[in-house]
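The sequence lines fix the lettering, A, B, ..., with proteins before strands; numbering per chain opens at 1.
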Amino acid sequence: MLLGENLTQSHSGVQIIRDVTISVDAGSVTILAGKSGSGKSTLLRTLSLLDLPRSGSVRLDGKQVYPSSNAGDGAKTIWPDVTIVFQQFFLWPHLTLRRNILLPASLRGRPVERADNLCDELGILHLLDRYPNQVSVGERQRAALARAILIRPRFLLLDEITSAQDVHHVALLLKVLQVVVENGTGLLVVSHHVGFARRLLSLSQSSRVVFLETGAVIETGGVDCLEAPRSDGFRKYVEFSRNLA
Amino acid sequence: MDIILRYREAFSAGLLVTVKLASIAWAVGLLCGILTGILASRYKLWCGYPLRATSFTLAAVPPIVVLYWAHYPLQAALEIVISPFITASAVLSLINVVVVAEITRTALDGFRTEYSVAAQVSGMTRLETLRFIELPLIGRQVAPSILASQVLILQSTLFASLISVEELFRVAQRVNSVVYKPIEIYSAIAVFFLIVCLPMYLLAYLLRRRFVRSLSEN
């Protein structure tokens, strides 16, 4: 289990995350929902120790990785067991998609035989010899996901993974992520896409939703949360999303 | 061509001095410039700002003035006499160090650290990140500019003739003063620089075109 307890985070004196406790179980899905600016991306960065929390702790399978006796050491030990696909992807522009996807996995000695199959499932197999600037934003996003999956992380944090995808490709992502969850990887997914979130939640019995507002957890629960939100904020959020769908 | 062949020993000696001057300036400039650029990017207060101030100063004062100043008033003020070759080597090296350092510092300051972060969360070690991500990306950015600046340094060796360094241009002037064949002599000098500098410029241009295209995100 990846567990962040009582996490707080601030930038330039402004508190962005306030006393948040969040957990992700192996082989389960946690959806992080909330309006823009509610602190979702910051929480992902904090939980993955990209930005060290101002206070609170992070545990991986019961072992405290932050705070640790040496600053920064915790981060080094949880990567790539915990990895993240950023909103802006950050594919390396001097490498082809193939090299982008294979490099981290091959350096870690992870099996890469599945790479072609995975890229085929994500609809980018025919693009592997191109550079990131020669493919569309959606294709780059899927390449970044392939890069992360091939590392075989135990916990995969996805920031707006459907932001540049059409419905066809959202369906492809769902199939791929289903296999990832079945293989035991825990997903923490930031998404505004309620339909996508609902489908992801159905992949595991222990999946749950966490709703953030102004940096604090307002509501948390299972898939039923999406059907009948208890808090006003979450209810409005879900209604808006339904009306737009 | 007759003139060149007749005075080939003098021209060869001049060419050797030009090559020595350029080589010293290139070697010192590249080694110390890249190191200074890295330090300037990391330690802004005691290295970055002084480097920028020096860069602005050298950009405002023509190299020939710096060379003259270092050769005459500076040495007179310090009551020392240094050979013109050493003076020219030192001045050209200093200029090259500052130019290369500024190119390096700009590239390092503008480097998107997110590329390194993406590597590290993917499990790459610090050394792997440096080898596979940071050095290739920064190298692609600085290589064309550094190459183009080295051409300018080679061309700047001509200024050394003005403080009596017996380099190629000075030899040409002296030969011309004896035989008065300016068209042949200066055309030969022009062809020499064309043969050496044009390929370097073309390479810098091609690298810039290729790398800028592959480094853009869209």
> Locate the shortest heavy-atom distance separating Ile133(B) from Leu95(A); write the atom from each residue and the value.
CD1-CD1, 4.3 Å

> For Glu182(A), what residues pass the salt bridge (charged side-chain N to carboxylate O under 4.0 Å, His left out) criterion, not counting sequence neighbours?
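If we apply the salt bridge (charged side-chain N to carboxylate O under 4.0 Å, His left out) test to Glu182(A), skipping adjacent residues, there are no hits.
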
> If you count the non-hydrogen atoms of other residues, nucleotides and ligands that lie under 6.0 Å from CG in Leu202(B), is the total more than 12?
yes

> Should we count OH of Tyr205(B) as having more than 12 external heavy atoms under 6.0 Å?
no

> Looking only at heavy atoms, which of residues 96-107 of chain A get nearer than 4.5 Å to chain B?
Arg99(A), Leu103(A), Pro104(A), Leu107(A)

> Pick one of side chain, backbone, both or neither for Val135(A), based on which atoms fall under 4.5 Å of a heavy atom in chain B.
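Nothing of Val135(A), per the 4.5 Å heavy-atom cut-off to chain B.
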
> Identify the heavy atoms of Ser122(B) and Arg108(A) that sit nearest to each other, and give their distance.
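That closest heavy-atom pairing would be O-CG, 4.4 Å.
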
> Determine whether a donor-acceptor pair (N or O, by modelled atom type, separation under 3.5 Å) exists between the side chain of His94(A) and the backbone of Phe132(B).
yes

> With a 4.5 angstrom heavy-atom cut-off, is it the side chain or the backbone of Ile84(A) that approaches chain B, or both, or neither?
both

> Only one of Thr83(A), Val85(A), Ile78(A) clears side chain to side chain contact (heavy atoms under 4.5 Å, CB included) with Val121(B); which?
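Option passing the side chain to side chain contact (heavy atoms under 4.5 Å, CB included) with Val121(B): Thr83(A).
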
> Got a sec: does the CZ of Arg152(A) have more than 12 other heavy atoms crowding it under 6.0 Å?
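Count not over threshold, so no.
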
> Working to the nearest 0.5 angstrom, can you tell me the gap between Thr129(B) OG1 and Trp92(A) CH2?
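The CH2 atom of Trp92(A) is 8.0 Å from OG1 of Thr129(B), to the nearest 0.5 Å.
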
> Has Tyr49(B) got more than 12 heavy atoms of other residues, nucleotides or ligands less than 6.0 Å from its OH?
no

> For atom CD1 of Ile183(B), is the number of surrounding heavy atoms from other residues, nucleotides or ligands below 6.0 Å larger than 12?
no

> Flag yes if more than 12 heavy atoms outside Tyr43(B) fall under 6.0 Å of its OH atom; otherwise flag no.
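No, OH of Tyr43(B) has 12 or fewer neighbouring heavy atoms, counting only those of other groups under 6.0 Å.
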
> Using heavy-atom distances under 4.5 Å, tell me whether Glu114(B) contacts chain A through its side chain, its backbone, both, or neither.
both

> NZ of Lys44(B): more than 12 outside heavy atoms within 6.0 angstrom?
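Yes, because the 6.0 Å sphere around NZ of Lys44(B) holds more than 12 heavy atoms from other groups.
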
> May I ask you to check whether over 12 heavy atoms, not counting those of Arg126(B), lie within 6.0 Å of atom CZ?
yes

